[in-house]
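Since the structure comes first, as structure tokens, the remarks are kept for the end.
Nothing fancy with the numbering, it's 1 onward along the sequence. Here the structure is a predicted model, which is why all the values come from computation and not from measurement.
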Amino acid sequence: AKCGPSFYISKMFRAVEEGLTYKFHASWVFVLQVIGVFFEVAGKQGYPLMKKCLQSLADLRNSSHFPYATELDQAVGVAVESMGPEIVLQAVPLEISGNEEECNFPRSWLIPVIRDHVKNTELKFFTQYFLPLAATLKNRAAELNQVGRNLEGKIYTTLQWQIWTMLPGFCTSPTDV
């Protein structure tokens, strides 16, 4: 239907999202702020509309020399607060399994973003997703250290530790306890 509030919100969001194209790069800092407001206002209901935008933000964040990483992290953080970490990770998977061939984690930036913005969400998601991942990373670190690959082991240990730093946020007003 080409009428009603959802049509107009969608139309406005697409116009703002177009601001992420390179021809508007001089305004990206402001576009990212407005996108954050859209995430905040729309919350979980806005996910279908905003999924592609979250993916675009992750692609921008992974591009070399992206000048507005702080502002982008803030916008994604607002999405974590308003939609929840599970929904954000559905759009932008962490891509860390503990079984990587190389120690290249292009989306590890999501861990501190989630840590700094997670609250009022399901503690169950931490126990089902992050707890097993932390255990796998710990085991991988031990395996690497055992065969003398100490630097790689330290990287996995650091990732595991960073995951644990998210737990207090998941324990802040959990919705399923």
Side-chain angles (χ1 to χ4, degrees), residues 1-64 66-97 105-134 162-163 166-177:
K2 290 196 172 194
C3 59
S6 62
F7 171 75
Y8 295 111
I9 290 169
S10 174
K11 197 169 172 134
M12 286 187 301
F13 185 73
R14 293 288 169 239
V16 171
E17 190 177 30
E18 189 179 326
L20 290 175
T21 58
Y22 186 74
K23 74 178 180 180
F24 299 112
H25 74 277
S27 300
W28 279 353
V29 68
F30 306 111
V31 172
L32 289 166
Q33 290 172 1
V34 173
I35 286 173
V37 171
F38 267 100
F39 289 158
E40 182 179 7
V41 171
K44 290 179 182 175
Q45 298 84 357
Y47 175 72
L49 174 66
M50 299 176 188
K51 177 182 178 183
K52 183 178 160 285
C53 180
L54 280 166
Q55 293 165 340
S56 297
L57 291 175
D59 292 343
L60 275 175
R61 182 63 164 76
N62 291 344
S63 63
S64 60
F66 181 70
Y68 304 111
T70 302
E71 292 82 2
L72 188 147
D73 289 357
Q74 183 61 34
V76 173
V78 171
V80 169
E81 288 178 21
S82 63
M83 295 180 200
E86 185 173 9
I87 289 175
V88 171
L89 289 172
Q90 285 172 10
V92 186
L94 196 52
E95 296 180 353
I96 297 174
S97 67
F105 305 101
R107 292 206 178 142
S108 61
W109 60 270
L110 279 166
I111 295 173
V113 169
I114 293 169
R115 177 199 64 217
D116 294 346
H117 295 275
V118 69
K119 62 181 181 256
N120 302 317
T121 193
E122 292 184 348
L123 181 58
K124 178 177 79 172
F125 180 64
F126 184 88
T127 62
Q128 290 178 341
Y129 179 78
F130 287 112
L131 189 59
L133 180 58
Q162 286 181 331
I163 286 172
M166 291 190 279
L167 182 58
F170 278 90
C171 294
T172 303
S173 303
T175 59
D176 59 343
V177 175

Are any non-hydrogen side-chain atoms of [X] and [Y] less than 4.5 angstrom apart?
X: Ile9; Y: Val41; result: no
X: Thr121; Y: Pro174; result: no
X: Lys119; Y: Glu81; result: yes
X: Leu110; Y: Leu89; result: yes
X: Leu94; Y: Ile114; result: no
X: Val34; Y: Phe38; result: yes

Nearest 0.5 Å, please: how far is [atom2] in [Y] from [atom1] in [X]?
X: Met166; Y: Asp116; atom1: CE; atom2: CG; answer: 10.5 Å
X: Ser173; Y: Leu123; atom1: OG; atom2: CG; answer: 12.0 Å
X: Tyr47; Y: Leu54; atom1: OH; atom2: CG; answer: 7.5 Å
X: Gln33; Y: Ser27; atom1: CD; atom2: OG; answer: 11.0 Å

Donor-acceptor check, side chain of Asp176 to backbone of Glu122, threshold 3.5 angstrom: yes or no? no
Keeping the roles fixed (side chain from Ser82, backbone from Phe39), state whether a donor-acceptor pair exists under 3.5 Å. yes
Candidate pair Ile96 and Ile111, rule side-chain contact (heavy atoms from CB on, under 4.5 Å), full reasoning: CA-CA 11 Å; Ile96 297 174; Ile111 295 173; 4.1 Å; yes
Just jot down the ring pair (Phe, Tyr, Trp, His ring centres under 6.0 Å) partners of Tyr129, sequence neighbours excluded, or say none. Phe125
Not counting sequence neighbours, which residues clear ring pair (Phe, Tyr, Trp, His ring centres under 6.0 Å) with Phe170? List them please. Phe126, Phe130
Anything under 3.5 Å between a donor and an acceptor, one on a side chain of residues 11-24, the other on a protein residue two or more places apart or in another chain? List them.
| residue | atom | partner | partner atom | Å |
| --- | --- | --- | --- | --- |
| Arg14 | NH1 | Glu17 | OE1 | 2.5 |
| Arg14 | NH1 | Leu49 | O | 3.4 |
| Arg14 | NH2 | Leu49 | O | 3.2 |
| Glu17 | OE2 | Cys53 | N | 3.2 |
| Thr21 | OG1 | Glu18 | O | 2.7 |

Among Arg61, Arg107, Arg115, which residue satisfies the salt bridge (charged side-chain N to carboxylate O under 4.0 Å, His left out) criterion with Asp73? Arg61
